[in-house]
Amino acid sequence: MKKLILSIAILAVMTFVACSEDEKDYTPNYIGCTHCAIPEEEGYEVCVDESGNAFVGNADTGIPLEQYFDLFCDNEPNIEGQEPVYTDCVLCISEEHPDGLKTCKGSNGNAFTFVGTTGTDTQFPYAEYLAAMCDSTAEIPEEPVELTNCVDCEAAGVSMGEVCKGPNGHAYLEGTDTGMSYSQYINSIEAAGGNCN
């Protein structure tokens, strides 16, 4: 009986070692990596593969990149080749720009000014730029957006509302741009146990 137990234990150890070696050789195929900022710390690198999941130290977190950043980071993800994420956009009204200059907060925390659709990093933190350069700010009037692929989504049995795909590829929840790609937004709802029909 002791030999049987010893044989099973040795087999289990060999299986564990063999599987561990397989995992060490696996390298995900990343489409990009970005920095996750944490208050009062250096932060760390987070990568994303074709599935859209966040990877930390080559380990799949199982969480979509945008959701990971919402949960753990103080900045927005900024992956090369992906459309930059801008938030808190306002019209910066000054003597130089009496009609207002579109100014947004970039994923690096800096103010970006826009001429047409091109954003330029001012190299100044967003709040400092607004305080120094704007006499006042105003909301940017919304332009009508053509939405497609609309579905109703719910999470934990509660309706979230209608989610549609905008012309920029982002998900729009009840007509408001979420800043996240449509497919990743739907995938994150479904990964959290919700559904969209």
Taking only distance into account, with no hydrogens and no angle test, what donor-acceptor pairs under 3.5 Å do side-chain atoms of residues 118-130 form with protein atoms, sequence neighbours excluded?
unit_1, atom_1, unit_2, atom_2, d
Asp121, OD1, Asn110, ND2, 3.1
Asp121, OD1, Gln123, N, 2.7
Asp121, OD2, Asn108, ND2, 3.0
Asp121, OD2, Asn110, ND2, 3.4
Asp121, OD2, Gln123, NE2, 3.4
Thr122, OG1, Ala111, O, 2.8
Thr122, OG1, Phe124, N, 3.2
Tyr126, OH, Asp88, O, 2.3

Going by heavy atoms in the side chains, are Asn168 and Asp177 under 4.5 Å from each other?
-> yes
How many angstroms lie between CD1 in Ile63 and CZ in Phe55, if you round to the nearest 0.5 Å?
-> 12.0 Å
Partners of Ser136 by side chain to side chain contact (heavy atoms under 4.5 Å, CB included), sequence neighbours excluded?
-> Ile93
Looking only at non-hydrogen atoms, find the nearest pair between Gly161 and Glu174 and report the distance.
-> CA-OE2, 3.0 Å
Which residue pairs satisfy the disulfide bond (SG atoms under 2.5 Å apart) criterion with at least one member in residues 165-197, sequence neighbours excluded?
-> Cys153-Cys196
Residues Tyr68, Val48; criterion side-chain contact (heavy atoms from CB on, under 4.5 Å); working and verdict = CA-CA 11 Å; Tyr68 184 91; Val48 63; over 6 Å; no
Could you identify which residues cluster with Leu91, counting Ile, Leu, Val, Met, Phe, Trp and Tyr as linked when any side-chain heavy atoms lie under 4.5 Å apart, either directly or through a chain of such contacts?
-> Ile140
Heavy-atom closest pair (Asn53 atom, Gly62 atom, distance to 0.1 Å) is ND2-CA, 3.8 Å
Can you list the residues that meet the side chain to side chain contact (heavy atoms under 4.5 Å, CB included) rule with Thr176, with sequence neighbours excluded?
-> none
Which atom of Gly179 lies closest to which atom of His170, heavy atoms considered | CA-ND1, 3.7 Å
Minimum-distance pair of heavy atoms, taken over all atoms of Gly157 and Glu154 | CA-OE2, 4.2 Å
With sequence neighbours left out, the residues meeting ring pair (Phe, Tyr, Trp, His ring centres under 6.0 Å) with Tyr172 are none
Check: Thr178 side chain, Ala171 main-chain N or O, donor-acceptor pair, under 3.5 Å | yes
Got a sec, which pairs hit ring pair (Phe, Tyr, Trp, His ring centres under 6.0 Å) with one end in residues 99-123, sequence neighbours left out?
-> Tyr86-Phe112, Tyr86-Phe114
Could you pull out all residues at least two apart from Ser188 that satisfy side-chain hydrogen bond (donor to acceptor under 3.5 Å, both in side chains)?
-> none
With sequence neighbours left out, write down each residue that passes side chain to side chain contact (heavy atoms under 4.5 Å, CB included) with Cys164, or none if nothing qualifies.
-> Leu147, Cys150, Glu162
Would Phe72 and Val46 count as a side-chain contact (heavy atoms from CB on, under 4.5 Å) if you check the C-alpha gap in whole Å, the side-chain angles of each, and the deciding distance to 0.1 Å?
-> CA-CA 11 Å; Phe72 302 110; Val46 178; over 6 Å; no
Between atom SG of Cys73 and atom NE2 of His35, what is the distance when rounded to the nearest 0.5 Å?
-> 8.5 Å
Rounded distance (nearest 0.5 Å) linking atom CD of Gln184 with atom CD of Gln67 = 11.0 Å
What pairs meet the disulfide bond (SG atoms under 2.5 Å apart) rule with one or both residues in residues 105-138, with sequence neighbours excluded?
-> Cys92-Cys134
Who else is in the cluster with Met160 when I, L, V, M, F, W and Y are joined by side-chain contacts under 4.5 Å?
-> Val151, Val163, Leu173, Met180, Tyr182, Tyr185, Ile186, Ile189
Excluding sequence neighbours, so at least two apart, what forms side chain to side chain contact (heavy atoms under 4.5 Å, CB included) with Asn187?
-> Glu190
Is Thr113 reaching over with its side chain to a backbone N or O of Thr103, donor-acceptor style, under 3.5 angstrom?
-> no
Can you name the closest pair of heavy atoms from Asp135 and Glu95 and give their distance?
-> OD2-N, 3.5 Å
Report the C-alpha separation of Cys89 and Lys102 in whole Å, then their side-chain angles, then the decisive distance to 0.1 Å, and conclude whether the side-chain contact (heavy atoms from CB on, under 4.5 Å) test is met.
-> CA-CA 7 Å; Cys89 295; Lys102 180 179 175 182; 4.1 Å; yes
